[in-house]
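I have placed the structure first, in the form of structure tokens, so that the comments after it can refer back to it.
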Amino acid sequence: MSYLVDEYGYYGNFGGAYIPEILHRCVHELQETYLDMLTSASFQREYEQLLRDYVGRPSPLYLAQRLSAVHGCRIYLKREDLNHTGAHKINNTIGQILLAKRMGKQRIIAETGAGQHGVATATVCALMNMQCVVYMGQTDVARQRINVEKMRMLGAQVVPVTSGNGTLKDATNEAIRDWCCHPRDTHYIIGSTVGPHPYPDLVARLQSVISREIRQQLLKQEGRETPDYLVACIGGGSNAAGTIYHYVDDLRVRIVLAEAGGKGVETGQTAATIALGRMGIIHGAKTYVIQNEDGQIEEPYSISAGLDYPGIGPMHANLAQSRRAVVLAVNDDEAIRAAFELTRLEGIIPALESAHALGALHKLKFHPEDIVVLTVSGRGDKDIETYLKYQPKEDNV
Ligand SMILES: Cc1ncc(COP(=O)(O)O)c(C=O)c1O
């Protein structure tokens with residue numbers, strides 16, 4: 001039994017491709033070709049070279065000594081924040097733009113929440129001279145302003161989306177609408193392990209460079225390939241999928257995922273899909289969805305734009321249902337505290353999304369000999385305005 005995708009595009013009961021008729025042809029084309037393309041020697045050569053020379057991989061695996069002392073174990077940080085464009089998202093966009101070129105597409109569309117996937121998509125479109133349109137909810141345009149300016153500077157058209165509460169769900173709806181209108185010439189670079197099959201598997205494979213490197217780096221630094229714990233945050237699930245990919249079927253490794261509790265799972269102002277979601281369909285996949293009794297999707301809330309999503313990738317829904325992973329809801333205030341803690345202990349300002357993974361550490365009990373690998377999925381530059389509002393009081397004297 002494996003926790004990776006099966007030949008029909010499912011993870012246990014979750015996944016599949018629930019799409020409108022108009023998209024059948026291009027989704028089917030992707031299903032038929034993605035594995036051959038990904039494993040071809042020419043793709044591998046170009047992808048590996050760009051990851052090394054353009055993205056700056058391998059990203060360091062850093063033993064955070066002062067953070068380790070606080071939690072009483074050995075904590076390694078996988079530094080995806082040090083990638084070009086500041087997050088893990090570029091691992092996926094580099095791979096998908098190479099696929100799009102091979103499929104003869106001329107136009108790229110993407111959705112974005114925190115703006116990191118939008119920036120990573122605009123970046124590879126500049127690199128490959130492709131037209132780029134990014135859909136972004138109006139709320140996120142306001143709270144991630146710097147990333148909007150970066151996308152525009154890179155030559156992308158950023159389309160603010162005003163439906164719903166103007167966050168990631170609404171941006172994704174709009175991107176899918178665009179794709180339905182341009183199925184032939186356009187490739188949709190989905191930014192997470194969500195969407196119809198094969199996207200969750202495609203994105204997980206492209207992000208799996210993270211766990212491949214962790215294995216090699218741990219072997220060199222600790223003399224063993226397997227950690228005791230892997231910890232990552234989950235919006236749609238791509239940095240988590242990349243972190244666990246090569247370990248997911250190895251039951252010695254405990255997997256801890258942090259979802260956004262928002263103001264608290266009981267307040268209704270939350271994006272904690274595993275805590276509150278029920279089976280449904282969202283953006284082409286069968287998975288847990290936060291919905292009301294009539295099956296209408298509820299508006300999610302999180303301080304972190306990248307985690308503010310009422311669904312979750314089908315891979316992670318299955319990991320949660322089968323209890324392969326422990327999923328913890330980390331609230332806004334807990335994430336903020338953890339971000340300041342890391343900043344003051346290690347001199348690393350994490351993205352608000354990654355701060356949720358750090359917040360989860362406080363909910364776990366470790367032994368001194370435990371090796372914990374936590375993925376810092378992005379850097380906090382985009383979140384400075386939010387952090388400034390929460391600066392500890394003693395600093396203002
Ligand atoms: C830095 C960062 N981390 C995590 C996420 C959440 O996405 P995912 O769950 O796909 O890793 C985002 C999304 O925008 C992000 O920008």
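Both counts, for ligands and for their atoms, begin at 1 and track the order of listing.
Residue Cys233 places a heavy atom under 4.0 Å from ligand 1. Note on ligand 1: His88 sits in its first shell, one or more heavy atoms being nearer than 4.0 Å.
The residue among Gly306, Gly313, Ala232 with a heavy atom at the shortest distance from atom 6 (C) of ligand 1 is Gly306.
Near Gly378, with a cut-off below 4.0 Å to any heavy atom, the atoms of ligand 1 are 1 (C). Of all atoms in ligand 1, numbered sequentially from 1 with element shown, those under 4.0 Å from a heavy atom of Ser238 are 8 (P), 9 (O), 10 (O), 11 (O). Below 4.0 Å from some heavy atom of Ala351 lie the following atoms of ligand 1, by number and element: 1 (C). Of all atoms in ligand 1, listed by their number and element, those nearer than 4.0 Å to a heavy atom of Gln116 are 16 (O). Remark: ligand 1 atoms within the under-4.0 Å shell around heavy atoms of Gly236 are 9 (O). Heavy-atom proximity to Gly237, at under 4.0 Å, picks out these atoms of ligand 1: 8 (P), 9 (O), 10 (O).
Residue Asn239 has at least one N or O atom closer than 3.5 Å to an N or O atom of ligand 1. When only interatomic distances are considered, the shortest N/O to N/O separation between Gly235 and ligand 1 falls below 3.5 Å. Between Ser377 and ligand 1, a contact under 3.5 Å exists for at least one N or O pair. Residue contacts with ligand 1: Lys382 is placed with no nitrogen or oxygen under 3.5 Å of a nitrogen or oxygen of the ligand (distance criterion only). Taking any N or O of Thr193, backbone or side chain, none lies under 3.5 Å from an N or O belonging to ligand 1.
In terms of protein heavy-atom proximity, atom 13 (C) of ligand 1 is nearest to Lys89 CE, 3.3 Å. Closest to atom 5 (C) of ligand 1, if we only count protein heavy atoms, is Glu353 CG, 3.8 Å. The protein heavy-atom contact nearest to atom 10 (O) of ligand 1 is Ser192 OG, 2.6 Å.
Checked options Tyr188, Tyr18, Tyr309; the residue passing with His283 is Tyr309 (criterion: ring pair (Phe, Tyr, Trp, His ring centres under 6.0 Å)).
For Glu385, the CD atom is loosely surrounded, since the number of other residues' heavy atoms within 6.0 Å does not exceed 12. Summarising the local packing, CD of Glu266 is surrounded by more than 12 heavy atoms from other residues, nucleotides or ligands at distances under 6.0 Å. Enclosure of atom CG in Asn129 is not indicated, since only 12 or fewer non-hydrogen atoms of other residues, nucleotides or ligands lie within 6.0 angstrom.
Defined by atom type and a distance below 3.5 Å, a donor-acceptor pair is missing between the side-chain atoms of Arg102 and Ser40. Between the side chains of Ser354 and Ser377, at least one donor N or O sits under 3.5 Å from an acceptor N or O. Between the side chains of Tyr76 and Gln217, no donor-acceptor pair is found at a separation under 3.5 Å.
Glu353 contributes atom CD, which lies 14.0 Å from atom OG1 of Thr375 (distance to the nearest 0.5 angstrom).
Taking a cutoff of 4.0 Å between a charged side-chain nitrogen and a carboxylate oxygen, Lys89 and Glu80 do not qualify as a salt bridge. With salt bridges taken as basic N to acidic carboxylate O contacts below 4.0 Å, one links Asp308 and Arg143.
A cation-pi arrangement, defined by a distance under 6.0 Å to the six-membered ring centre and an angle within 45 degrees of its axis, is present between Lys263 and Tyr301.
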